[in-house]
Amino acid sequence: MPAQKVETGHQDTVHDVVMDYYGKRLATASSDNTIKIVGVSNSASQHLATLTGHQGPVWQVAWAHPKFGSLLASCSYDGRVILWKEGNQNEWTQAHVFDDHKSSVNSIAWAPHELGLCLACGSSDGNISVFTAKADGGWETTKIDQAHPVGVTSVSWAPSTAPGALVGSGLLDTVQKLCSGGCDNTVKVWKLTNGVWKMDCFPALQMHVDWVRDVAWAPNLGLPKSTIASASQDGKVIIWTVAKDGDQWEGKVLHDFKAPVWRVSWSLTGNILAVADGNNSVTLWKEEVDGEWQQIPNAEYGLQEQPRAHLIY
C-alpha cells in the first residue's frame, strides 16, 4: 500500500498520531493546543473535528476501546487530562477533566479493555495516576507517588493475560501491571495488589544513560514471556524480557540509532516493533529464531517532520 499524506490542519508541531480501533479515524495532538480528528480511507483523508480545551501543547491522545463508546483521552503541558466523548457523529464534548497533576502530563494509556475503563497518566511532577470508571459514573483514583521523582515520560500497560496462561494450565486471571519510563534514565514495572500499586521489578531496569523517552509493553498472546521495549535520548532501544513473575528482567540493546529515539510501538501480534528516531525515520524490527533482532529490509519511512519529544519543561 503506498504511503498516504494526511493534512492535519495543525498550526504547529504534531506530537502524536493514533488510529482508532477500526482504522477509520486518526486523532492527532499538537503544540497548537488542539486535537484533530481526521477520517482516513485508502485514497483520501477528511477533517472531521477540532477539539479545543487545553491551555498548552497536547502531547498524547488515546482512543478507548469501542465497547465503552466513542471516547478519546488527551494529555497536555497544562497539567490536565481531558476525556472527550462523541455524541452525535463528529460532535465532541468534554466528558471529564482530570486535574490531579501539578505539572505537564506527558503520557496516557488506556488499560486492556478486560480491566474496565481505566486510564494511566504519567507527569513531570514525578507521579503516575490511574483513573478507573465506577458504575455510578464517577471515577476512582489510585496513584504511584514519585514513581520517577524527576519526571515520568511514558506509561504502558501489560497485557491483561499473564504470560503462558494460554499454553499452560493456568487460570485466566487478569493481571494489572504497568511499566513506566522517566528522566531518571530508568524503566520501572508496577503491579496493583489489593488496591495499592507496588514496584514489581528490583532493582529498576537501568541500561540507558539518558532520559527514557518511551516504553511499550508488547502484547503476549499467552506466550511464555513478558517483553517491554524502551527508547531513550541516548539513542538506544532496549528490549527487556522476563519469563515469569519474580524472575529478573534481562535487557538487550536492539540497536544504537546514534540519535534520540522518541517512540516505540508494537504490532498487534507483538512480534514487530516500530521505532521513530531523531534521524527523521521510522524503522521496523523483528526478532529472529535465534533471538537476534533484525531490521526488516525495505521498510524504512522518512518523516517530513521529526516526531519531537513530548516532554518539555
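Connection of L205 to M207 is established within a shared hydrophobic cluster, with ILVMFWY side chains joined at heavy-atom distances below 4.5 Å, either directly or through further cluster members. In the hydrophobic clustering of this structure, V189 does not group with L178; members are Ile, Leu, Val, Met, Phe, Trp, Tyr whose side-chain heavy atoms approach within less than 4.5 Å, directly or through other members. Placement of W110 and I108 within a single hydrophobic cluster is found when ILVMFWY residues are connected by side-chain heavy-atom separations under 4.5 Å, directly or transitively. Hydrophobic clustering of Ile, Leu, Val, Met, Phe, Trp and Tyr side chains at less than 4.5 Å, counting indirect connections, unites V130 with W190. A continuous path of Ile, Leu, Val, Met, Phe, Trp and Tyr side chains, each step under 4.5 Å between heavy atoms, connects L71 with W139, placing both in one hydrophobic cluster.
In terms of heavy-atom proximity, D184 sits nearest to Q206 at O-NE2, 4.1 Å. A pairwise comparison of heavy atoms in G270 and A218 identifies O-CB, 4.3 Å as the closest pair. Closest of all the heavy-atom pairs between A147 and K188 is O-NZ, 2.8 Å. The minimum heavy-atom distance between G195 and T142, with the atom names listed, is O-CG2, 4.0 Å. The two residues W293 and N271 come nearest to each other via the heavy atoms CZ3-O, 4.4 Å. A109 and S156 make their closest contact through CB-CA, 4.5 Å (heavy atoms, listed as atom of the first residue, atom of the second, distance).
Sequence neighbours left out, the pairs with a member in residues 20-49 that pass salt bridge (Lys or Arg N to Asp or Glu O under 4.0 Å) are D20-R25, R25-E86. Legend: salt bridge (Lys or Arg N to Asp or Glu O under 4.0 Å) pairs involving residues 282-298, not counting sequence neighbours, sorted by first then second residue: K225-E287, K252-E292. Applying the salt bridge (Lys or Arg N to Asp or Glu O under 4.0 Å) definition to pairs two or more places apart or across chains, those involving residues 192-202 are K177-D200.
Here the side chains of S124 and H148 are not in contact, with every heavy-atom distance at 4.5 Å or above. In this structure, the side chains of L268 and P219 stay at 4.5 Å or more apart for every pair of heavy atoms. Counting heavy atoms from C-beta on, the side chains of S107 and Q60 come closer than 4.5 Å.
Counted by atom type alone, W59 and S104 present one or more donor-acceptor pairs between their side chains at under 3.5 Å. Side-chain contact annotation: S154 with N106, donor-acceptor N/O pair under 3.5 Å absent. Counting only N and O atoms by type, the side chains of T153 and W211 include no donor and acceptor under 3.5 Å apart. T13 and H10 share no side-chain donor-acceptor pair at under 3.5 Å. Side chain to side chain, S230 and H208 meet the donor-acceptor criterion of an N or O pair below 3.5 Å.
In terms of modelled atom types and a separation under 3.5 Å, the side chain of Q4 and the main chain of V40 share no donor-acceptor contact. Looking at S41, its side chain does come within 3.5 Å of a backbone N or O of A44 through a donor-acceptor pair. Here the side chain of S180 pairs no donor or acceptor atom with the backbone of V155 at under 3.5 angstrom. Remark: the backbone N or O of K5 is not paired with any side-chain donor or acceptor of E7 at under 3.5 angstrom. In this structure, S226 contributes its side chain and T241 its backbone to no donor-acceptor pair below 3.5 Å. With D256 contributing its side chain and K258 its backbone, the two residues share a donor-acceptor pair below 3.5 Å. Distance alone, capped at 3.5 Å, is enough to place a donor-acceptor pair between the S267 side chain and the I272 backbone.
Every residue meeting the side chain to side chain contact (heavy atoms under 4.5 Å, CB included) condition with S129, not counting sequence neighbours, appears here in chain and number order: H101, C121, F131, K143. Partners of F68 according to the ring pair (Phe, Tyr, Trp, His ring centres under 6.0 Å) rule, which considers only residues two or more places apart in sequence or in another chain, do not exist here.
When each of D214, L254, V237 is checked for a side-chain contact (heavy atoms from CB on, under 4.5 Å) with V261, only V237 meets the rule.
Between K236 and D234, none of the side-chain N atoms (NZ, or NE/NH1/NH2) sits under 4.0 Å from a carboxylate O, so this pair counts as no salt bridge. Under a 4.0 Å N-O distance rule, the pair D277/R263 does not qualify as a salt bridge.
Between Q46 atom CD and L26 atom CG the span is 12.5 Å, to the nearest 0.5 Å. Here NE2 of H54 is found 10.0 Å from OG1 of T52. Values are rounded to the nearest 0.5 Å. Here the OG-CD distance, from S74 to Q94, works out to 8.0 Å after rounding to the nearest 0.5 Å. In this structure, H15 NE2 and S31 OG are separated by 2.5 Å, a value rounded to the nearest 0.5 Å. Rounding to the nearest 0.5 Å places NE2 of H113 at 7.0 Å from OG of S160. The CG atom of D100 sits 10.0 Å away from the CG atom of N127 when rounded to the nearest 0.5 Å.
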Derivation of the side chain to side chain contact (heavy atoms under 4.5 Å, CB included) call for L115 and Q176: CA-CA 8 Å; L115 302 179; Q176 279 188 269; 3.6 Å; yes
Test log, rule side chain to side chain contact (heavy atoms under 4.5 Å, CB included), inputs T161 and V175: CA-CA 6 Å; T161 306; V175 177; over 6 Å; no
Pair V196-T193, side chain to side chain contact (heavy atoms under 4.5 Å, CB included): steps then yes or no: CA-CA 5 Å; V196 178; T193 307; over 6 Å; no
Where do V253 and I239 land on the side chain to side chain contact (heavy atoms under 4.5 Å, CB included) test, with the steps shown first? CA-CA 6 Å; V253 176; I239 305 295; over 6 Å; no
For S123 and D125, run side chain to side chain donor-acceptor pair (under 3.5 Å): C-alpha distance rounded to whole Å, both residues' side-chain angles, the deciding distance at 0.1 Å, then the answer. CA-CA 5 Å; S123 169; D125 63 16; 3.2 Å; yes
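Aromatic rings from W249 and W217 are positioned such that their centres are separated by under 6.0 Å. W285 has its ring centre less than 6.0 Å from the ring centre of H255.
Membership of the apolar cluster around I37 extends to V18, I35, L48, L51, V58, V61, W63, L72, I82, W84, W92, V97, as traced through chained side-chain contacts below 4.5 Å between ILVMFWY residues.
Sparse packing is recorded around CG of N194, with 12 or fewer heavy atoms of other residues, nucleotides or ligands lying under 6.0 Å away. In this structure, E250 places its CD atom where only 12 or fewer heavy-atom neighbours from other residues, nucleotides or ligands lie under 6.0 Å away.
Aromatic ring orientation, W197 versus W157: perpendicular (interplanar angle above 60°, classes split at 30° and 60°).
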